[in-house]
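Working notes for the structure below.
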Amino acid sequence: MTSTGFRRTFVAIGVCSSLALAATACGSGGDDSASGKTRVTVNCEPPKSAKVDRKFFEEDIASFEKQNPDIDVVAHDAFPCQDPKTFDAKLAGGQMEDVFYTYFTDAKHVVDIGQAADLTPYLKELKSYDTLQKQLRDIYTVDGKVYGIPRTGYSMGLIYNRKLFQKAGLDPDKPPTTWDEVRADAKKIAALGSGTVGYADYSAQNQGGWHFTAELYSQGGDVVGPDGKKATIDTPEGRAVLQNLHDMRWSDDSMGSKQLLVINDAQQMMGSGKLGMYLAAPDNIPILVKEKGANYDDIAIGPMPGGRATLIGGDGYMFNKHDSPAQIRAGLKWLDHMFLTPGSGFLGDYARAKKNDAPVGLPEPRLFTGAADAKDQQVKKANANVPVDNYQAFLDGNQQLTMKIEPPDAQQIYSVLDAVVSAVLTQKDADIGRLLADASAKVDSILARS
């Protein structure tokens with residue numbers, strides 16, 4: 001699954017952007033070397049409906065082309081940046097851009113089907129590469145070769161309402177860090193009455209399976225074994241996740257009676273001041289404020305409860321297998337300029353974002369390490385316009401957690417696990433052992449076919 005920040009929630013208005021020449025197809029169009037320029041098509045441009053983001057993106061392409069007059073960047077917008085229903089068909093049909101957006105979970109698949117260019121010989125062209133977090137670089141590394149470049153990353157945490165914590169007699173500066181504490185705090189918040197829910201969780205549209213995975217990671221478990229061939233959900237850790245949800249739902253009545261929730265439901269509840277806690281990434285916070293009616297001062301985020309691990313996700317760019325060496329070099333230069341220079345570019349120009357009333361100071365994405373990270377954080381802090389102290393617990397807690405990517409065949413597996421979570425939250429007498437055993441067999445079947 002993905003998180004829900006601006007970088008992954010563009011609205012569609014068309015396939016090719018206004019920057020594309022009329023005669024240029026939406027797929028790879030050759031490097032146009034006859035004109036003396038290297039032409040590179042790229043995707044995931046914000047649509048015209050996202051006026052500020054679109055403006056930033058086009059400004060940054062224009063400045064890049066001014067600095068690199070021998071490169072012509074043709075940007076395409078679409079919704080979503082990557083549509084799972086058409087992604088493989090675009091690759092196989094030769095319609096994919098020269099530099100194309102991918103989720104972290106796509107990397108190995110694109111390599112396995114032979115559609116990615118090997119970037120390893122060209123990495124010296126990417127000035128920022130060694131400054132990027134190794135665990136994110138490794139996602140796009142297969143058998144020692146590099147096939148993609150990470151652009152953003154997120155990790156799951158516990159978003160909570162400081163005002164409700166105070167009303168319930170809890171310390172808003174000390175979010176729960178264990179699932180026992182989550183349960184106890186949720187019970188106190190729900191006791192406030194007036195329709196207040198202590199803790200909410202998803203259980204529909206594959207989002208229940210996504211959160212089950214995150215909660216399983218937090219307990220020290222995993223969805224799939226190290227060899228990628230067998231499910232590992234029917235375990236003490238898996239049962240602990242479901243038992244905790246069952247007990248909060250049925251014994252404590254701290255999750256409310258309405259179930260089969262998806263992310264928008266939890267966001268609506270949090271924005272209206274009726275929800276104490278739910279799992280999400282930091283990029284939910286501006287959505288809660290700008291779209292759901294919350295106040296930045298009231299919304300905080302703590303680390304993933306459990307103390308063992310947290311689920312990470314994110315996105316990056318891969319390169320079409322048909323790209324010429326000149327296109328690969330040009331594309332890497334473009335990535336450096338747009339996304340990978342601390343304190344500047346589409347995601348890092350915090351002064352520009354602040355001037356345009358975009359949130360600055362959220363704890364993620366955190367892409368860089370060492371001096372590059374220090375510079376990025378310094379510029380972010382200098383332009384912060386949100387209460388950064390509300391996110392310190394998340395930053396501190398993440399230092400102790402293992403970062404784990406989503407499982408293989410994630411969406412198919414999440415569909416299976418959705419049914420398990422929804423059963424526990426809608427059936428008081430649900431047989432947890434039977435549910436996990438049946439789900440385990442179904443996941444094994446999915447893995448056997450992949």
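These numbers come from the heavy atoms of this one structure, side chains and all, not from hydrogens, waters or symmetry mates. Bear in mind the structure is a predicted one, so any value in this text is a computation, not a measurement.
Distance CG/L261 to OH/Y278: 12.0 Å, rounded to 0.5 Å. The line from CD of E125 to CD1 of I328 is 10.5 Å long, rounded to the nearest 0.5 Å. One distance of note links CD1 of I139 with CE of M403; it measures 11.5 Å at 0.5 Å rounding. One finds the CG atom of L126 at 5.0 Å from the CD1 atom of I149 (value rounded to the nearest 0.5 Å). Note that CZ of F100 and SG of C81 are 13.5 Å apart. Values are rounded to the nearest 0.5 Å. For the atom pair CD (Q207) and CG (L279), the distance works out to 12.5 Å, reported to the nearest 0.5 Å.
Side-chain atoms of I432 and Q243, non-hydrogen and from C-beta on, do get closer than 4.5 Å to each other. Inter-residue side-chain proximity for R308 and S218 is flagged as unmet; no heavy-atom pair is nearer than 4.5 Å. No side-chain heavy atom of P342 sits under 4.5 Å from any side-chain heavy atom of V379. The closest side-chain heavy-atom distance from Y140 to P150 is below 4.5 Å. With a 4.5 Å cut-off on side-chain heavy atoms, S155 and E364 count as touching. Taking the side chain as every heavy atom from C-beta outward, P175 and F394 never approach each other to under 4.5 Å. Side-chain contact between T369 and Q133 is present, with heavy atoms from C-beta onward closer than 4.5 Å. Side-chain contact between L340 and L367: present, with at least one pair of heavy atoms (C-beta onward) separated by less than 4.5 Å.
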- request: Kindly determine whether I413 and V224 satisfy side-chain contact (heavy atoms from CB on, under 4.5 Å), including the steps that lead there.
  value: CA-CA 10 Å; I413 290 174; V224 176; 4.0 Å; yes

task: Could you give me the CA-CA distance, side-chain angles and deciding distance for D83 and K90, then say whether salt bridge (charged side-chain N to carboxylate O under 4.0 Å, His left out) is met?
output: CA-CA 10 Å; D83 185 349; K90 280 190 69 175; over 6 Å; no

message: Could you walk me through whether S194 and K274 satisfy the side-chain contact (heavy atoms from CB on, under 4.5 Å) test, starting with their C-alpha distance in whole Å, then the side-chain angles of each, then the deciding distance to 0.1 Å, before giving a yes or no?
response: CA-CA 8 Å; S194 301; K274 293 297 184 181; 3.9 Å; yes

- request: Take V182 and M277 through the test side-chain contact (heavy atoms from CB on, under 4.5 Å) and record every step on the way to the result.
  value: CA-CA 8 Å; V182 170; M277 299 172 282; 4.2 Å; yes

task: I would like to know whether L447 and K229 meet side-chain contact (heavy atoms from CB on, under 4.5 Å); could you show each step before the answer?
output: CA-CA 6 Å; L447 295 172; K229 297 180 180 179; 5.6 Å; no

message: I'd like to know whether H246 forms a side-chain hydrogen bond (donor to acceptor under 3.5 Å, both in side chains) with S251, so could you lay out the CA-CA distance, the side-chain angles of the two residues, the decisive distance to 0.1 Å, and finally the verdict.
response: CA-CA 8 Å; H246 178 276; S251 300; 5.1 Å; no

field: Stepwise side-chain hydrogen bond (donor to acceptor under 3.5 Å, both in side chains) check, D222 with T232
entry: CA-CA 6 Å; D222 211 334; T232 54; 5.1 Å; no

task: Please report the C-alpha distance between D234 and R239 in whole Å, then the side-chain angles of each, then the deciding distance to 0.1 Å, and finally whether the salt bridge (charged side-chain N to carboxylate O under 4.0 Å, His left out) criterion is met.
output: CA-CA 7 Å; D234 188 7; R239 287 187 284 275; 2.9 Å; yes

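For the side-chain contact (heavy atoms from CB on, under 4.5 Å) with N161, the lone residue among Q166, K167, M270 that qualifies is M270. The side-chain contact (heavy atoms from CB on, under 4.5 Å) test with K108 is passed by exactly one of D106, D112, V110, V111: D112. With respect to L275, the side-chain contact (heavy atoms from CB on, under 4.5 Å) criterion is satisfied by exactly one of Q268, M269, Q267: M269.
Within 6.0 Å of the NZ atom in K66, the count of heavy atoms belonging to other residues, nucleotides or ligands does not exceed 12.
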For residues 291-305, please give each side-chain donor-acceptor pair under 3.5 Å, one per line with the distance, not counting sequence neighbours.
{"residue": "K292", "atom": "NZ", "partner": "N264", "partner atom": "OD1", "Å": "2.6"}
{"residue": "N295", "atom": "OD1", "partner": "D297", "partner atom": "N", "Å": "2.8"}

Could you tabulate the donor-acceptor pairs under 3.5 Å formed by side-chain atoms of residues 345-355, not counting sequence neighbours?
{"residue": "D349", "atom": "OD1", "partner": "R352", "partner atom": "N", "Å": "3.1"}
{"residue": "Y350", "atom": "OH", "partner": "D376", "partner atom": "OD1", "Å": "3.0"}
{"residue": "Y350", "atom": "OH", "partner": "D376", "partner atom": "OD2", "Å": "3.0"}
{"residue": "R352", "atom": "NH1", "partner": "E59", "partner atom": "OE1", "Å": "3.1"}
{"residue": "R352", "atom": "NH1", "partner": "D60", "partner atom": "OD1", "Å": "3.0"}
{"residue": "R352", "atom": "NH2", "partner": "D60", "partner atom": "OD2", "Å": "2.8"}
{"residue": "R352", "atom": "NH2", "partner": "G345", "partner atom": "O", "Å": "3.3"}

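Ion pair R54/E45 flagged as a salt bridge, since at least one NZ, NE, NH1 or NH2 atom sits closer than 4.0 Å to an Asp/Glu carboxylate oxygen.
Ring-plane geometry between W210 and Y154 is classed as perpendicular, the angle between the planes exceeding 60 degrees on a 0 to 90 degree scale with a lower cut at 30. Between F57 and F339, the ring planes lie tilted relative to each other; the angle falls in the 30° to 60° range. Aromatic ring orientation, Y101 versus Y103: perpendicular (interplanar angle above 60°, classes split at 30° and 60°).
For an aromatic pair to be called close, the ring centres must be under 6.0 Å apart, and F165 with Y160 satisfies this. Between F319 and Y147, the distance from one ring center to the other does not fall under 6.0 angstrom.
Judged purely by distance below 3.5 Å, without hydrogens or angles, the side chains of H109 and T102 never pair a donor atom with an acceptor atom. With no hydrogens or angles considered, a side-chain donor-acceptor pair links H211 and D201 at under 3.5 Å.
Of the possible donor and acceptor atoms, none in the side chain of N320 sits under 3.5 Å from a partner among the backbone N and O of V99. T426 places a side-chain N or O within 3.5 Å of a backbone atom of S422 that can act as its donor or acceptor partner. A donor-acceptor pair under 3.5 Å is formed between the side chain of D418 and the backbone N or O of Q205. The main-chain N or O of M255 is never found under 3.5 Å from a side-chain atom of R249 such that the two would form a donor-acceptor pair. When atom types are taken as modelled, the side chain of W334 and the backbone of I61 share no donor-acceptor pair closer than 3.5 angstrom. No side-chain donor-acceptor contact under 3.5 Å links S203 to the backbone of G208. A donor-acceptor pair under 3.5 Å is absent between the side-chain atoms of D252 and the main chain of K187, judged by distance alone. The main-chain N or O of V146 is found under 3.5 Å from a side-chain atom of T120 such that the two form a donor-acceptor pair. Side-chain atoms of T178 come within 3.5 Å of backbone atoms of E181 as a donor-acceptor pair (strictly under, hydrogens ignored). A donor-acceptor pair is defined here as one N or O able to donate and one able to accept, closer than 3.5 Å; no such pair exists between the side chain of S415 and the backbone of Q412.
Shown here for G316 and F104, the closest heavy-atom pair between the two residues is N-CE2, 4.5 Å. Closest non-hydrogen pair, G397 versus L401, comes out as O-CG, 3.5 Å. Between G273 and L164, the closest heavy-atom pair is O-CD1, 3.6 Å.
In this structure, R137 forms a cation-pi arrangement with Y129, its terminal cationic atom sitting closer than 6.0 Å to the ring centre and no more than 45° off the ring axis.
For K127, there are no salt bridge (Lys or Arg N to Asp or Glu O under 4.0 Å) partners at least two apart in sequence or on another chain.
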